[in-house]
Amino acid sequence: LQIFHNWSFDGHLLANHGIEILGHRSGDTVHMARLWDTSRQGRGGYKLSSLMQDLLGWGKTDMKEVFGRFKLKKDGTPGKVVYLPDSLTLQTDPNVTMFEKWIHYSTYDTICTWYLYFSLRKELENMSWSPDAIVYENELLKMRADRTLFTFYDCFWRPFGQILTDMERKGMYIDKDYLYQQAEKAQEDKEKRTESFMQWVRSLCPDGKYININSNPQKRHLLFSSITEPDDAGSREPHMRTFQVDNKVEEEEEREEEEGEEGEVLFLSPPRSKRSISLLGLALTPVAYTATGQASTAGQVIQKLAGKPFASPPSYGTAFKDLGGGEEGKAACEALASLLEGEAIEKLLSTFLLPLPEQTDEASRIHTSLNINTETGRLSSQRPNLQNQPALEKDVYRMRKAFSAPPGRKLIIVDYGQLELRIMAQMTGCRSMLDAFEQGGDFHSRTAIDMYRYIAEAVERKEVLLEWNSHDGAPPAPMLKDKFASERRKAKTLNFGIAYGMTKMKVARDWGVSLEEAEETIQTWYSARKEVKQWQEEVIERARRTGYTETFLGRRRYLPEINGRDGVGRGHAERAAINTPIQGGAADIVMMAMLKLRGEERIRRLGWRMVMQIHDEIILEGPEETAEEVFPLVRACMEQPFDSPLSVELPVDGSIADNWYEGK
DNA sequence: GCATCATGCAA
DNA sequence: TATTGCATGATGC
């Protein structure tokens, strides 16, 4: 038996030293533990020590406790901070006691992993497993007699774990030069935008040009602070507050230029790392508040304050009126709009453009860590997170072009269309949803048709078109999604919102309508989809009874709070109960598709490998010559993840591309 | 150095 | 009080 506690880590470590472990990996106790109980975060998590304590009552000291050393202070005396020396230092420590400790620790670690496997295996074997009937059509499963959660682990998650490790090792190729080039552009654009914002702040108070646009407290003070409560007329008095900001190099240079005479070297006071600045409070009316009750400075808020001052004709936000209109109001709106643009570019730079090229290996490939560590069974991606790369209009600098195929190779990028909604239709058996999917076309438009009678009639009279192929020239009538754009948007919000357990309060707030109106719209949605309502009630009821909710493949998520006394916690648990089967079910399907893909010998022999998964999207890399042959094979695997069909089709869209941007 | 908060990116 | 994640910068202890 080969057992690991986090095989991904050990496997990569060994592989980095040229050691390949052959044979059958029997279990990864991290994944087994996650399957056993999804919610140990905050209760010790999935560390070997905490699992040993909870499952077998064995004490196990962490490595840091045994081998931690006090970090030396500047004067050479031991400080308070404990650090862990690297393994080589520990193994070669001349102190015999240390060596023995090392041997003992490593052996004990191994023994723990061994016992943990059997303990978790027993736990999983004692948990009933009742997936959707279709799962039993699986070839692997037909050969087995057992039907417990361990069966699920052994047949699906265990091999899936190996796929993930292989993907991590393979990594994605990154065009670094392209990223450097785009980062430079972004840097210039950001400076332009922030410059005009800072000039405006300077026009309000002299220190304004030193404001840090990344600091929420500074922005909050500048925009909303006032010393007095609003009077009867709602007006408030501004006041000043000081902040410490970094003293930038350019500012030091500026100072020398101002104070130094030509050719003369001045001994200025040593550069201070911080500078005190004093900012004015404008006492604008807050638009939203954060969780801790502070006035929010989020993008949406700034957007409301600014309006669209650069549009033609311009429209001005709430800041215009608050500042008495006129030129002052106009200047404020324009400055805030610039701030917003500057902030967006800063986000792209600091989170994506700048760090990414620093995280590649010598072959310019980037290796994320893919974990099965979510409550629902989705994957998460870490260091770096490749699952949140900007897309579509947010990808202003076309970063996705950097995720590319190396010379002579191609990417195959495939994704499911409306996967979660299709699963919802499948699980609820909702006739209306299933019909809409069978008829095809834009799903949200179809929803709008049966929510609004007048849209249905307009379609009936052929006054609007549901779909039109642009290859056939201009459409003979306006498109539904244009003519009834707001209705379609509402239908779309509900389609997704319902799956998350959206309340009428949220709908009313988002759409700016009354509670009654919001409730009515939700009722309209449900009235044609009674099976959905019924399914949701049943699922919540079952969760209350059993303490857990389960996915399509029979994975469980325990929801202890669903019967608790805390109303907030209960509400969250109820929404999780209906959302997890959908989100987790989608994750199940993508996993099955990936297993099937991995099992397709033809795809593998032609040299194609999966390199990334983004929830409903899979990216493969392989040789250019065989891309055309492999593409339909990939698609077939995904469209038929089980060996017999579901009641709803799972259409897959995709393309052969040179980079991720093209594959959109 | 670490924890917390606010924010924003993805599906 | 619409779900699931991760990374970042600022701030205060």
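Each chain gets a letter, A, B and so on, in the order the sequences are listed, and its residues count up from 1. Everything numeric in this text was worked out from a predicted model, so none of it was measured.
- Applying the 4.0 Å criterion to OP1 and OP2 of B:dC9, one finds that A:Asn385 has every side-chain N and O outside that range.
- The side chain of A:Gln387 contributes no N or O atom lying less than 4.0 Å from OP1 or OP2 of C:dA7.
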Pair A:Leu411-A:Leu620, side-chain contact (heavy atoms from CB on, under 4.5 Å): steps then yes or no: CA-CA 6 Å; A:Leu411 300 179; A:Leu620 297 95; over 6 Å; no
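- The CG-P distance, from A:Leu354 to B:dC9, rounds to 16 Å in whole Å.
- Shown here is A:Glu520, whose CD atom has no more than 12 heavy atoms of other residues, nucleotides or ligands within 6.0 Å.
- When the P atom is compared between C:dT1 and B:dA6, the two are found 14 Å apart, to the nearest whole Å.
- Distances shorter than 4.0 Å separate some side-chain N or O of A:His572 from OP1 or OP2 on C:dT4.
- Checked against a 6.0 Å centroid threshold, the rings of A:Phe156 and A:Phe160 do not count as neighbours.
- OP1 or OP2 of B:dC9 has not a single side-chain nitrogen or oxygen of A:Lys347 nearer than 4.0 Å.
- By the neighbour-count criterion of 12 heavy atoms within 6.0 Å, atom CD of A:Glu649 is sparsely surrounded, having that number or fewer from other residues, nucleotides or ligands.
- For C:dT4, neither phosphate oxygen OP1 nor OP2 lies less than 4.0 angstrom from any side-chain nitrogen or oxygen of A:Thr580.
- At the phosphate of C:dT4, OP1 or OP2 sits under 4.0 Å from a side-chain N or O atom of A:Arg557.
- Rounded to whole Å, the distance from CG on A:Asn212 to C1' on C:dT11 is 11 Å.
- The shortest distance between the side-chain N/O atoms of A:Asn216 and the OP1/OP2 oxygens of C:dA10 is not below 4.0 Å.
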